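One structure below.
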Amino acid sequence: MAGKYRFSFGPWNVHEGADPFGPTVRRSVSFAKKLKMYKKLGFDGVQFHDDDAVPNMNKLGPREIVKQAKEVRRMLKDEGLTAEFVAPRLWEDPRTIDGGYTSNDPEARQYAKDRSRRSIDIAAALDTDLIVLWLAREGTYIREAKDSKVAVDRLVEAINDMLAYSGNIKIAIEPKPNEPMDHAYIPTTGHAMALGYLTTDHKRVGVNIETAHAILAGLDPSDEMGFALAYGKLYTVHLNDQNGLKFDEDKSFGSVNLRRAFNQVRILDKYNYGTRGEFVGLDVKAMRTQKIETATKHLSNSREIFLNLVDLVRSLDEGRVEQLIADRDYEELDLFIVNHLMGR
Ligand code: GLO
Ligand code: MG
């Protein structure tokens with residue numbers, strides 16, 4: 001049964017290794033070359049920022065943007081790949097220094113809305129109906145800088161604008177509690193889903209849960225996933241791993257805490273994640289120390305770990321688990337799971 005999952009990653013997951021304290025350490029790889037890597041690494045889906053597809057989109061009119069995006073769709077087709085989603089990259093433009101949708105500057109807010117509409121055009125041209133919103137700068141460094149109630153109103157207004165612009169799209173909000181901001185306005189799955197219910201068409205607003213972001217919020221990623229699954233709102237995932245409360249590490253899936261990864265796979269597999277067209281999305285970073293020739297191992301390794309965990313999940317003696325739950329012998333259940341993870 002293992003192998004029925006389809007995997008995706010974004011071109012930013014193959015990168016040059018710069019960090020806030022040092023420059024790039026690897027050559028950059030062209031987008032066309034990156035596309036050639038996907039199938040070899042076992043991936044079928046490509047996650048896009050809008051400007052991954054149309055790099056200088058801010059200088060182009062809507063028609064030219066669509067034309068260039070259609071060209072990218074052709075490139076995908078040639079490689080047998082599918083676009084999973086498009087995410088408006090709102091956090092790099094000078095106009096969004098203080099945020100996009102929640103900026104105090106009305107011109108910046110308008111730019112963010114216009115740019116989101118262009119992302120929707122790109123998604124249509126790439127033949128996907130999924131838009132991911134990572135709300136990078138929608139927060140503050142100091143609380144007094146913005147009004148937190150108005151910020152939510154503005155987020156709702158921006159999402160409504162997108163829902164009205166296209167009747168086809170679905171929006172997956174990707175919550176994250178901090179980084180780059182001190183505090184983000186939509187830090188958790190619960191916040192993201194509640195925000196969706198304030199919009200004009202909540203049936204089309206769900207979430208993208210990233211392992212590391214849940215951990216940074218002090219939460220268990222598999223429980224976050226269960227919460228979204230209960231509402232039918234887990235549109236996609238960003239699997240990776242995170243070693244405690246520090247910068248967003250985007251480590252290979254399962255590489256820090258195997259049991260935590262096992263439980264994510266378990267909840268996804270149990271509730272048929274993937275059978276409704278969802279991809280198993282990764283958002284992982286190669287370590288800066290990795291040489292260029294081997295700087296894609298974080299992707300293939302994460303996929304391999306996921307599939308091995310699918311095997312472990314499916315070979316777990318669920319009858320034994322149920323018995324231990326019935327006996328309320330959670331100490332024994334603890335040992336049983338750890339032994340299972342150790343192949344005993
Ligand atoms: C950063 C986010 C980022 C998004 C991506 C898609 O912390 O995880 O990588 O997932 O930009 O919107
Ligand atoms: Mg992510």
Side-chain angles (χ1 to χ4, degrees), residues 7-20 34 43 45-55 57 83-93 96 99-101 112 115-116 118-120 122-123 126 128 130-139 155 158-159 162 169-189 191-192 205-217 219 221 224-225 228 234-243 245-253 264 278-286 298-299 302:
F7 296 84
S8 72
F9 68 86
W12 65 92
N13 291 138
V14 176
H15 63 99
E16 296 82 6
D19 69 16
K34 286 182 185 177
F43 289 75
V46 183
Q47 308 169 16
F48 282 93
H49 293 122
D50 48 8
D51 57 4
D52 290 323
V54 185
M57 61 182 288
E84 187 200 359
F85 68 68
V86 177
R89 197 191 316 246
L90 290 176
W91 50 92
E92 289 187 354
D93 195 274
T96 58
Y101 310 128
R115 170 100 181 211
S116 304
R118 298 292 78 79
S119 293
I120 294 170
I122 292 172
L126 294 178
T128 174
L130 189 60
I131 301 292
V132 163
L133 292 184
W134 170 46
L135 302 166
R137 297 194 191 278
E138 314 302 353
L155 287 169
I159 293 173
M162 287 180 243
I169 54 151
K170 286 164 68 181
I171 295 176
I173 300 171
E174 182 181 331
K176 181 179 180 183
N178 58 280
E179 199 200 41
M181 307 312 291
D182 177 39
H183 279 286
Y185 285 126
I186 306 298
T188 68
T189 310
H191 288 83
V205 186
V207 292
N208 172 14
I209 295 182
E210 174 159 328
T211 313
H213 297 180
I215 296 165
L216 286 171
L219 300 168
E224 293 290 281
M225 288 170 188
L234 190 57
Y235 293 173
T236 188
V237 290
H238 263 175
L239 300 184
N240 54 25
D241 215 345
Q242 171 74 26
N243 195 12
L245 299 182
K246 53 184 82 165
F247 64 95
D248 183 10
E249 296 185 295
D250 296 338
K251 282 167 130 3
S252 293
F253 181 60
Q264 289 168 73
E278 309 96 323
F279 275 90
V280 176
L282 300 178
D283 197 359
V284 287
K285 241 186 224 125
H298 58 306
L299 295 159
S302 293

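Both ligands and their constituent atoms are indexed starting at 1 by order of listing. This is a predicted model, so every value here is computed, not measured.
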Requested in this report: Assign the ring pair His238 / Trp12 to parallel, tilted or perpendicular, where the plane angle (0 to 90°) is split at 30° and 60°.
Outcome: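 Because their plane-to-plane angle is over 60°, the rings of His238 and Trp12 count as perpendicular.
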Any non-hydrogen side-chain atom of [X] less than 4.5 Å from a side-chain atom of [Y]?
{"X": "Leu130", "Y": "Lys170", "answer": "yes"}
{"X": "Tyr101", "Y": "Ile159", "answer": "no"}
{"X": "Leu299", "Y": "Val14", "answer": "yes"}
{"X": "Pro180", "Y": "Arg137", "answer": "yes"}
{"X": "Glu249", "Y": "Lys285", "answer": "no"}

Requested in this report: Compare every heavy atom of Gly139 with every heavy atom of Met181, then report the nearest pair and how far apart it is.
Outcome: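 Shortest heavy-atom contact: CE-O, 3.5 Å.
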Query raised in the report: At their closest point, which heavy atom of Ser252 faces which heavy atom of Ser302, and how far apart are they?
Result: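 Minimum heavy-atom contact is CA-OG, 3.4 Å.
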Query - Asp283, any N or O under 3.5 Å of ligand 1 N or O - result: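 N/O-N/O distance under 3.5 Å: yes.
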Query raised in the report: Backbone or side chain, does any N or O of Asn208 fall under 3.5 Å from an N or O of ligand 1?
Result: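 N/O-N/O distance under 3.5 Å: no.
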Examine the proximity of ligand 1 to [X] and report which part, side chain or backbone, both or neither, has a heavy atom under 4.0 Å away.
{"X": "Gln47", "result": "neither"}
{"X": "Trp91", "result": "side chain"}
{"X": "Arg89", "result": "neither"}

Can you name the atoms of ligand 1, numbered from 1 with element, that are less than 4.0 Å from a heavy atom of [X]?
{"X": "Glu210", "result": "8 (O)"}
{"X": "Lys176", "result": "1 (C), 7 (O)"}
{"X": "His238", "result": "10 (O)"}
{"X": "Ala87", "result": "12 (O)"}

Query raised in the report: Given His49 and Trp134, is the ring pair (Phe, Tyr, Trp, His ring centres under 6.0 Å) satisfied, shown in steps?
Result: CA-CA 10 Å; His49 293 122; Trp134 170 46; 8.1 Å; no
Requested in this report: Examine His213 and say whether one of its N/O/S atoms is closer to the Mg ion (ligand 2) than 2.8 Å.
Outcome: no
Query raised in the report: N/O/S atom of Glu174 under 2.8 Å from the Mg ion (ligand 2), yes or no?
Result: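 Within the cut-off used here (under 2.8 Å), Glu174 does place an N, O or S atom near the Mg ion (ligand 2).
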The Mg ion (ligand 2) - closest N/O/S atom in [X]:
{"X": "His238", "value": "ND1"}
{"X": "Glu210", "value": "OE1"}
{"X": "Asp283", "value": "OD2"}

Query raised in the report: In this structure, which one of Asp250, Asp248, Asp283 forms a salt bridge (charged side-chain N to carboxylate O under 4.0 Å, His left out) with Lys176?
Result: Asp248
Requested in this report: May I ask you to identify the nearest protein heavy atom to atom 2 (C) of ligand 1, giving residue, atom name and distance to one decimal place in Å?
Outcome: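 Nearest protein contact, heavy atoms only, for atom 2 (C) of ligand 1 is Glu174 OE2, 3.3 Å.
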Report task. Among all protein heavy atoms, pick the one closest to atom 6 (C) of ligand 1 and tell me residue, atom and distance. Result -> His49 NE2, 3.6 Å
Query - NZ/NE/NH1/NH2 to OD/OE distance under 4.0 Å, Asp51 and Arg115 - result: yes
**Report entry** Sub-4.0 Å heavy-atom contact, Phe48 with ligand 1
**Finding:** no
Report task. Determine whether any heavy atom of His213 lies closer than 4.0 Å to an atom of ligand 1. Result -> yes
